[in-house]
There are 2 protein chains.
Amino acid sequence: MTLTRDAVVDAAVDLLGEVGLEGLSLRRLARDLGVSAPTLYWHVADKRTLLDHVAERLLADQWRVIPLAPGEDWADWLRERAIAQFRALVAHRDAALVVAGNRPTEASLPAVEQVLATLIGAGLAPVDAFSTVQAVGNLVIGSAIEYHAERERPASDHGRPAPPDPQVYPHLAALRPALAERAGTPEDHEALFRHGLDLMIAGLRVSLATR
Amino acid sequence: MTLTRDAVVDAAVDLLGEVGLEGLSLRRLARDLGVSAPTLYWHVADKRTLLDHVAERLLADQWRVIPLAPGEDWADWLRERAIAQFRALVAHRDAALVVAGNRPTEASLPAVEQVLATLIGAGLAPVDAFSTVQAVGNLVIGSAIEYHAERERPASDHGRPAPPDPQVYPHLAALRPALAERAGTPEDHEALFRHGLDLMIAGLRVSLATR
DNA sequence: TAGCGTCCCTAACGCTGTTAGAGGAGGGGG
DNA sequence: CCCCCTCCTCTAACAGCGTTAGGGACGCTA
């Protein structure tokens, strides 16, 4: 069985999950595949385009077209799609960083078209629908990157940061106990993402109602 | 005049704007400062912590406390702050990527405290106010990163991507003329960011009204 | 059998972040 | 005056990086 480009991309996805974007080197990847490093250049033009393929694979599931069920609220439908996208980016280490460096791929067009159709069908102006798709995407990327960034750093920190002085920062200090237990957990980050997403969706509802 | 850490950080900020994050190497930075590369390690622990200082400098202006003017709408105030933050990240090449890798720094606490106070003063529950601050921050980061990512790539692209087939992608095809002229410009990205931000703010208004 | 495309190899280039260890300049105390 | 000590900078080097050049073994086709 000879090496294929798909196998290279598979191994790259695995390696990314194992060592993160900074640790993903072609030499290491080649070693995992039992092959020398320059061999990879036969299957892949470049490290950058390899990462493009990795990004495409990470999001592949998200490009499935899932039509709005009859009677289903478009907002619920949109929320579920966005959450699934967020989960896909959070599930794999540094996935958000890899995806962020990418041009939108051809494979995403059907899904984008369908979201556009649904939002326009709900009553949004086409240009607003397009802006909304991108804005939600930006929120997904930003939330996922922030999640990974927070996750990668704790080693460099010498202990926890000092608690905020209640005299100077009363609100921050008051929030501390509420945040302490769940801060940093994936559930917390997903809840945070949902909060922003729900704000956007509520805003969409308003802009639909006032047209 | 001997070298100081501030001077190193200044030069790093300049170099970042010139060559981007990928081109920012300690050797190149040292050369710009007329110094050998290992010398930098006297002033800075690490490349990573150097970038931390760079991030802090890039956002320094944003931590200024600007209180809500009497009679000013909290939403307008919040919007202006967020837009200023977005502009700061968009103005400097790869600024968003550098900032995204960072822990929140001590210097940001007064500003966060003040935003919390304003949102709570407007009637938001403290926990919701905190989530909102972070959600807006995530939207800022995501939008800015997407802006830079799009800006860095066009060299690798062989021409424009093919126009979407109107038969298969009617909505995308219909949008093409409207997007063609302004796509990619900083104004377009700021407008896109404002769209998402306004959705969130409209959502906030709703959640305030229904309490 | 000859040729050719496919797939992999070794060797090497110039770059990277980082460490080890030496040395010069300048000020303070004996 | 001289010595020491601290600050700051240096050269040399290490392991690792992405990438290119060029060669060699395999199997299919003519």
Side-chain angles (χ1 to χ4, degrees), chain A residues 1-55 93-94 97-98 100-103 149 152-153 155-158, chain B residues 1-55 93-94 97-98 100-103 149 152-153 155-158:
Chain A
M1 171 58 190
T2 81
L3 198 54
T4 67
R5 198 180 71 181
D6 274 358
V8 172
V9 175
D10 279 345
V13 170
D14 288 350
L15 185 54
L16 179 71
E18 196 178 331
V19 300
L21 183 57
E22 285 214 355
L24 194 161
S25 81
L26 295 186
R27 284 175 159 91
R28 171 75 192 270
L29 176 59
R31 212 189 60 199
D32 287 4
L33 287 164
V35 128
S36 79
T39 293
L40 298 178
Y41 282 80
W42 178 260
H43 302 278
V44 150
D46 216 304
K47 187 184 187 182
R48 179 63 251 176
T49 73
L50 169 63
L51 289 179
D52 290 348
H53 292 302
V54 169
R93 186 166 168 192
D94 283 346
L97 271 181
V98 176
N102 257 26
R103 275 282 170 70
E152 309 244 330
R153 311 223 70 225
S156 85
D157 230 21
H158 36 74
Chain B
M1 171 58 187
T2 81
L3 196 56
T4 66
R5 198 182 69 182
D6 274 357
V8 172
V9 175
D10 279 344
V13 170
D14 288 349
L15 185 55
L16 180 70
E18 198 177 330
V19 301
L21 183 56
E22 286 214 357
L24 194 160
S25 80
L26 295 185
R27 283 175 161 92
R28 171 75 192 269
L29 176 59
R31 211 190 62 198
D32 287 3
L33 286 164
V35 127
S36 79
T39 294
L40 298 178
Y41 283 81
W42 178 260
H43 302 278
V44 150
D46 217 302
K47 188 183 187 182
R48 179 62 250 174
T49 73
L50 168 62
L51 290 179
D52 289 348
H53 292 303
V54 169
R93 187 165 169 195
D94 283 348
L97 269 181
V98 175
N102 258 27
R103 276 281 170 69
E152 309 245 330
R153 310 222 73 223
S156 85
D157 231 23
H158 36 74

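A, B, ... follow the sequence lines: proteins, then strands. Residue 1 opens every chain. Values below: all heavy atoms of this structure, side chains included; hydrogens, waters and symmetry mates excluded.
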Q: Looking only at non-hydrogen atoms, find the nearest pair between B:Ala100 and A:Ala149 and report the distance.
A: O-CB, 3.1 Å
Q | Closest contact, heavy atoms only, A:Leu29 versus A:Ala12 | A |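 Heavy-atom minimum between the residues: CD1-N, 3.6 Å.
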Q | Carboxylate-amine/guanidinium proximity below 4.0 Å for A:Arg28 and A:Glu18 | A |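 Judged by the 4.0 Å cut-off on N to carboxylate O distance, A:Arg28 and A:Glu18 do form a salt bridge.
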Q.
Whether A:Arg93 and A:Glu152 form a salt bridge (side-chain N of Lys/Arg under 4.0 Å from carboxylate O of Asp/Glu) is what I want to check.
A.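 Salt bridge: yes.
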If the cut-off is 4.0 Å, is [X] near the phosphate of [N], judged by side-chain N/O to OP1 or OP2?
X: A:Trp42; N: C:dC8; answer: no
X: A:Ser36; N: C:dC8; answer: no
X: A:Thr39; N: C:dC9; answer: yes

Q.
According to salt bridge (Lys or Arg N to Asp or Glu O under 4.0 Å), who are the partners of B:Arg31, at least two apart in sequence or on a separate chain?
A. none
Q: Heavy atoms under 4.0 Å is the rule here; annotate nucleotides 14-24 of chain D 5' to 3' with B where the base is hit, S where only the sugar-phosphate is, and - elsewhere.
A: ---BBBB----
Between [N] ([atom2]) and [X] ([atom1]): distance, integer Å:
X: A:His43; N: C:dG5; atom1: NE2; atom2: P; result: 18 Å
X: B:Leu33; N: D:dC10; atom1: CG; atom2: P; result: 10 Å
X: B:Leu40; N: C:dT16; atom1: CG; atom2: P; result: 12 Å

(Q) Quick check on side-chain contact (heavy atoms from CB on, under 4.5 Å): which of A:Leu16, A:Val98, A:Asp46 does A:Leu51 satisfy it with? (A) A:Val98
